[in-house]
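Each chain gets a letter, A, B and so on, in the order the sequences are listed, and its residues count up from 1.
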Protein chains: 2
Amino acid sequence: MDRAVSRAFSLLESLASASEPLRLIEVAQLAGLQKSTAHRLLGTLVELGYVRQEASGRYGATLRTWEFGARTVAQLPIKRIAAGFIHGLHRTIGETVSLTLLSGLDVIYLDKLIAPRPVQFRTSVGSRVPALFTASGKAMLSRRPDGVELARQSAELHGLDIAAVSAELDEARSRGYAISSYSPGVLSIGVAVEAGSAAAEAGLSVSAPSEHLVGADRDAVIGALLEAGARMSEALAQP
Amino acid sequence: MDRAVSRAFSLLESLASASEPLRLIEVAQLAGLQKSTAHRLLGTLVELGYVRQEASGRYGATLRTWEFGARTVAQLPIKRIAAGFIHGLHRTIGETVSLTLLSGLDVIYLDKLIAPRPVQFRTSVGSRVPALFTASGKAMLSRRPDGVELARQSAELHGLDIAAVSAELDEARSRGYAISSYSPGVLSIGVAVEAGSAAAEAGLSVSAPSEHLVGADRDAVIGALLEAGARMSEALAQP
DNA sequence: TCCACCGTTCCGTCTGCCGGAACGCCGTTC
DNA sequence: GAACGGCGTTCCGGCAGACGGAACGGTGGA
């Protein structure tokens, strides 16, 4: 385990998580390093273009990591294939549509098409949220063989009622979709997408103010989601 | 300059740029490393969660870098403030709207709201394109004191006619917007946004099939862009 | 003006990185 | 089926260079 490498990434993550450029000492403390060591490593990162030192001497992350991270994401087959379905759903439903990926016990928001409205969604593309808190996350877990075990771990971690979670997953499995209302006033409906052999499971979800998702409207959304999910699974099954 | 750190990033970038997981030897060659060194560094990166080794033994970049890169981007004031304007433009115009940032001689696509149509735009979020090839890039260069010098360098680099480029920038400066038709059949109109003291210059652009941007429609788009650019500059000027 | 804090630089120590070499595994060839 | 080549992985001696304590100079605040 190369120590310098590990430390450099630790510094970079500290900078990336900060909302503003940090002083040397602050970064050093965040990463648990001596200031001379932090100073040298930051110098290396600056030289490599991942960190920028502004006039005040403070250090900040550049967009370099994001740039090549975006390259990784853009090359995911899921992302490319999903684009059309996301647009289609957004056009017919008119609500916020999200594409997610299961990563451990969490869900990562891969892409998002936001319905322009005053309601602020707190999850932005790239963010990571416990799977059980999201509709698509529960839909994905309900489909996986080890889903119950993962759900158990996650429920324990976040202090959720394991029996209730388990029942919810059962229901999601039989219906083919899951519902979540983690943010007050906002309802999400999510389905799982078979992402083929290569990649992990993917999820598709629609989020909207609760009052938009009742009665026939809700049924329409569910229908559209199930349809899109099924057709996307087909598209991903192609070589 | 910590050698191991530099090498680790080189490996990671090689993996991120690859369209599929790579074998050890391939990554080692791409990064110019001995296979034992590459093997050890990749092991470190796997341990840190930036690289994943699949069952076949091949190595691939995970979404970890993208995740924290996305955190960096999400914290940019420009990105947050621009979101509303991008949506507004998209709604009134109905075409693809992009948010860009000037980075050296290039433009980075920070965000994008795509008009659903068969035309495939080749630039995705996170990609980097020479500023002179884009409408917003030219608009931004036309506003900067050192814009002419930067344009000269870029023109030389890409074999463009310096006099023509210079004239175009002059025109953009006096009109307040720039036009580009780099991709055949696609026309873009871009304006610069004063991004305040802290960050670099930002750009806003609308791209559409050429035939959509003629006559009164074009004037409407230009008007909306200038309006949005001005109001966004105001918003960014607030502390 | 003084003081405290911080960024930067320096340098002796020795850690832990480096890479050549060896081993074992697999797929291929004859 | 045996020999072979290519690759992934492991090992280890040598030493480059990472490490961090200490010192210095600059800066902002009291």
**Request:** Assess whether salt bridge (charged side-chain N to carboxylate O under 4.0 Å, His left out) is satisfied between E234(A) and R231(A), documenting all intermediate values.
**Result:** CA-CA 5 Å; E234(A) 278 176 38; R231(A) 292 178 53 188; over 6 Å; no

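- Counted within 6.0 Å of CZ on R80(A), heavy atoms from surrounding residues, nucleotides or ligands total more than 12; the atom is thus considered enclosed.
- Judged purely by atom type and a 3.5 angstrom limit, S17(B) uses its side chain to pair as donor or acceptor with the backbone of E13(B).
- Looking only at distances, no side-chain donor or acceptor of S136(B) sits under 3.5 Å from a matching main-chain atom of S205(B).
- Aromatic rings from F9(B) and F9(A) are positioned such that their centres are separated by under 6.0 Å.
- Each of M140(B), R128(B), E201(B) was scored for a side chain to side chain contact (heavy atoms under 4.5 Å, CB included) with V107(B), with one residue passing: M140(B).
- At the heavy-atom level, R7(A) lies under 4.0 Å from the strands shown only through sugar-phosphate atoms.
- Here H39(B) reaches the OP1 or OP2 of dT9(D): one of its side-chain N or O atoms lies under 4.0 Å away.
- Between R3(B) and dC17(C) there is no side-chain polar atom (N or O) within less than 4.0 angstrom of OP1 or OP2.
- Comparing dG8(D), dC19(D), dC18(C) by their nearest atom to the side chain of R23(B) picks out dG8(D).
- Donor-acceptor pairing under 3.5 Å, judged by distance alone, is present between the side chain of K35(A) and the base of dG7(C).
- Atom pair L24(A):CG and dG26(D):C1' shows a separation of 15 Å (rounding to whole Å applied).
- Contact between the side-chain N/O atoms of Y59(A) and the OP1/OP2 oxygens of dT8(C) is found at a separation under 4.0 Å.
- Taking only side-chain nitrogens and oxygens, R40(A) never comes nearer than 4.0 Å to OP1 or OP2 of dT9(C).
- Within the 4.0 Å cut-off from OP1 or OP2 of dG20(D), at least one side-chain nitrogen or oxygen of T37(A) is found.
- Atom CG in L42(A) sits about 12 Å away from atom P in dC19(D), given to the nearest Å.
- A heavy-atom distance below 4.0 Å to DNA chain C is reached by none of the residues of residues 44-53 of chain B.
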